[in-house]
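First up is the structure itself, then whatever we jot down about it.
Atom set for the values below is all heavy atoms of this structure, side chains included, hydrogens, waters and symmetry mates excluded.
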Amino acid sequence: MSDLRDLYQDMIFDHNRHPRNFGPLASANHHADGVNPLCGDKLTVYLDIDSQGVIRDVHFQGSGCAISMASASLMTEAVKGKTIAEAEAMFEGFHALMTQDQANDAATGKLRVLSGVKAYPSRIKCATLAWHAMRAALHDGGKPVTTE
Ligand code: ZN
């Protein structure tokens with residue numbers, strides 16, 4: 001893990017140690033599971049989407065490495081209060097941020113702290129897992145998403 005020290009910026013540390021919106025969500029009407037077998041990250045994303053298509057609340061629970069947990073925590077903060085379409089756009093923006101060399105979309109805001117993960121390709125799936133699960137939950141998933 002020592003080679004990852006550079007990744008552990010303050011915000012990632014903070015979100016891993018004190019994940020936001022962690023735990024089950026009683027009002028959830030959508031959820032999906034995500035698994036990253038390469039790292040052992042497993043999580044479930046819960047969404048409470050109202051009749052207008054607005055994400056009223058979002059929670060996650062699970063276990064995994066610091067990057068997967070911090071990314072999930074940041075994801076919940078990012079999509080809460082957004083519409084389904086906005087959350088989809090944020091997924092696309094984050095995915096581009098993590099997989100393209102020249103992603104400089106200001107809309108990704110503080111999610112950019114995770115862009116350092118790109119230096120460690122095997123860790124990109126840790127960072128994107130929660131986002132894949134969130135997108136699956138928007139469409140009610142069904143089958144668990146896996147990064148493999
Ligand atoms: Zn991981």
Side-chain angles (χ1 to χ4, degrees), residues 1 4 7-100 103 105 107-148:
M1 294 293 282
L4 292 170
L7 297 177
Y8 283 41
Q9 299 167 40
D10 288 349
M11 197 181 291
I12 293 177
F13 255 132
D14 180 48
H15 277 264
N16 176 51
R17 292 174 68 171
H18 307 286
R20 317 300 198 270
N21 305 303
F22 187 85
L25 179 62
S27 62
N29 49 18
H30 296 254
H31 74 276
D33 298 322
V35 176
N36 175 17
L38 276 185
C39 183
D41 310 316
K42 294 178 71 169
L43 51 80
T44 303
V45 172
Y46 302 95
L47 299 173
D48 174 357
I49 302 177
D50 71 15
S51 58
Q52 309 299 309
V54 174
I55 299 170
R56 278 189 302 214
D57 207 353
V58 48
H59 276 213
F60 80 101
Q61 64 179 354
S63 60
C65 66
I67 293 168
S68 67
M69 293 294 105
S71 182
S73 176
L74 286 159
M75 181 278 291
T76 62
E77 288 195 326
V79 303
K80 195 169 182 173
K82 300 294 191 294
T83 66
I84 291 172
E86 287 168 339
E88 290 266 16
M90 295 183 86
F91 170 87
E92 298 295 338
F94 185 71
H95 200 258
L97 175 72
M98 297 307 294
T99 57
Q100 295 172 15
D105 181 1
T108 52
K110 68 182 179 181
L111 300 176
R112 295 184 63 80
V113 300
L114 288 161
S115 64
V117 172
K118 280 196 287 194
Y120 305 86
S122 66
R123 290 297 178 131
I124 291 173
K125 288 171 178 173
C126 302
T128 56
L129 177 63
W131 287 86
H132 282 285
M134 183 278 292
R135 190 172 67 162
L138 287 176
H139 304 289
D140 242 341
K143 278 199 273 185
V145 279
T146 174
T147 55
E148 295 305 306

Please report the closest heavy-atom contact between Ala87 and Ile55, naming both atoms and the distance. CB-CD1, 3.7 Å
Begin with the C-alpha distance, continue with both residues' side-chain angles, and end with the deciding distance and a verdict on side chain to side chain contact (heavy atoms under 4.5 Å, CB included) for Val58 and Leu25. CA-CA 7 Å; Val58 48; Leu25 179 62; 5.7 Å; no
Under 4.0 Å between a Lys/Arg side-chain N and an Asp/Glu carboxylate O for Arg123 and Asp41? no
Considering all heavy atoms, the nearest Met75-Val45 contact: CE-CG2, 3.9 Å
Report the distance from atom NE2 of His132 to atom NE2 of His95, rounding to the nearest 0.5 Å. 4.0 Å
Shortest non-hydrogen separation from Ala133 to Val145 and the atoms involved: CA-CG2, 3.7 Å
Atom CG in Leu43, atom CE in Met69: separation rounded to 0.5 Å? 5.0 Å
Mind listing the closest non-hydrogen atom pair of Cys65 and Ser68 along with its distance? O-OG, 2.9 Å
Taking His15's backbone N and O only, do any of them form a donor-acceptor pair with Arg17's side chain (distance below 3.5 Å, no angle check)? no
Taking the side chain from Lys118 and the backbone from Gln100, do they hold a donor-acceptor pair closer than 3.5 Å? yes
What distance separates Gln61 CD from Phe22 CZ, expressed to the nearest 0.5 Å? 6.0 Å
What pair of heavy atoms forms the shortest contact from Phe60 to Pro19, and how long is it? CZ-CB, 3.8 Å
Got a second to check how far Asn29's CG is from Leu47's CG, nearest 0.5 Å? 8.0 Å
Do the rings of Phe94 and Trp131 sit parallel, tilted or perpendicular, given the 30° and 60° boundaries? parallel
Below 4.0 angstrom, N of the basic side chain to O of the carboxylate: do Arg135 and Glu92 qualify? yes
Just verifying a value: how many Å separate Ile124 CD1 and Ser71 OG, rounded to the nearest 0.5 Å? 11.5 Å
Nearest heavy-atom neighbours spanning Asn21 and Glu77: ND2-N, 4.1 Å
Per the side-chain hydrogen bond (donor to acceptor under 3.5 Å, both in side chains) rule, which among Thr128, Thr146, Thr147 passes with Asn36? Thr147
Nearest 0.5 Å please: distance from the CD1 atom of Ile49 over to the CG atom of Leu138. 5.0 Å
Any sub-3.5 Å donor-acceptor pair from Ser73's side-chain atoms to Arg20's backbone N or O? yes
Under 3.5 Å, side chain of His30 to main-chain N/O of Ala137, donor-acceptor pair present? yes
